[in-house]
Amino acid sequence: MSISVLRQVTAIQTMEGAKLRQMWKEYFEGDPPTNNKGFLAKRLAYRIQELALGVLPVPVEERLGSLADGNKDPVKPKAEPDQGKNRPIPGTCLIREWKGVEHCCNVLEDGFEYQGRKFRSLSAVANAITGTRWNGHVFWGMRRQGEKV
């Protein structure tokens, strides 16, 4: 960031309201939406930096806007569960004994089937069987506890 931009941004913080409103008209070509000094100072500082350095990429702007609206992390796509190199081949029947009962889970193209119900992940099936949270690959014996994928 250049020294002149830093000086302008720093100077904004100590300006009077009338000067901030005048600057707003120069930088935004219109009257300010409010007389709140804090609001005007922040937006003018951003605008000066934006003009000097360029705007943020659209995906970043969208993500920041969503976060400002209270969404936790809306733009970041959720990873599909069990979609990877360690996913069993569709048609496979996983068998596991739990508390003396044998359980069979069928691997589908887009999920898992257990007792006629469809599940999105092996962990969800393990949860349905045990009532507690499990790593699906560990529960079905596809890897050991603590082992990296």
Between Pro33 and Phe39, the two heavy atoms sitting closest are CG-CE2, 3.6 Å
Tell me which pairs pass side-chain hydrogen bond (donor to acceptor under 3.5 Å, both in side chains) where either residue lies in residues 92-106, with sequence neighbours left out. His103-Tyr114, Asn106-Glu113
Once rounded to the nearest 0.5 Å, what's the spacing between atom OG of Ser123 and atom NE2 of His137? 8.0 Å
Of all heavy-atom pairs between Pro32 and Leu40, which one has the smallest distance, and what is that distance? CB-CD2, 3.5 Å
Report yes if some heavy atom in the side chain of Phe139 is under 4.5 Å from a heavy atom in the side chain of Val125; otherwise report no. no
Approximate separation, where rounding is to 0.5 Å, of Phe112 CZ and Leu122 CG: 3.5 Å
Which heavy-atom pair separates Leu94 from Trp140 by the least distance, and what is that distance? O-CZ3, 3.5 Å
If only side-chain N and O atoms count, and only distance matters, is there a donor-acceptor pair under 3.5 Å linking Thr130 with Thr132? yes
So, taking the atom named CD in Gln8 and the one named CD in Gln13, what distance separates them when rounded to the nearest 0.5 Å? 12.5 Å
For Lys19, all residues meeting salt bridge (charged side-chain N to carboxylate O under 4.0 Å, His left out), sequence neighbours excluded: none
Residue set satisfying side-chain hydrogen bond (donor to acceptor under 3.5 Å, both in side chains) with Thr10, at least two apart, ordered chain then number -> none
Could you tell me whether the side chain of Ile89 reaches within less than 4.5 Å of the side chain of Val107, counting heavy atoms only? no
Of all pairs that satisfy salt bridge (Lys or Arg N to Asp or Glu O under 4.0 Å), the ones with a partner from residues 32-59, not counting sequence neighbours: Arg47-Glu50
With Gln22 via side-chain hydrogen bond (donor to acceptor under 3.5 Å, both in side chains) - residues at least two apart: none
Using only the SG atoms, establish whether Cys93 and Cys105 come within less than 2.5 Å of one another. no
Any residue meeting salt bridge (charged side-chain N to carboxylate O under 4.0 Å, His left out) with Lys25, in chain and number order, not counting sequence neighbours: Asp31
Heavy-atom distance under 4.5 Å between the side chains of Tyr46 and Val9, does that happen here? no
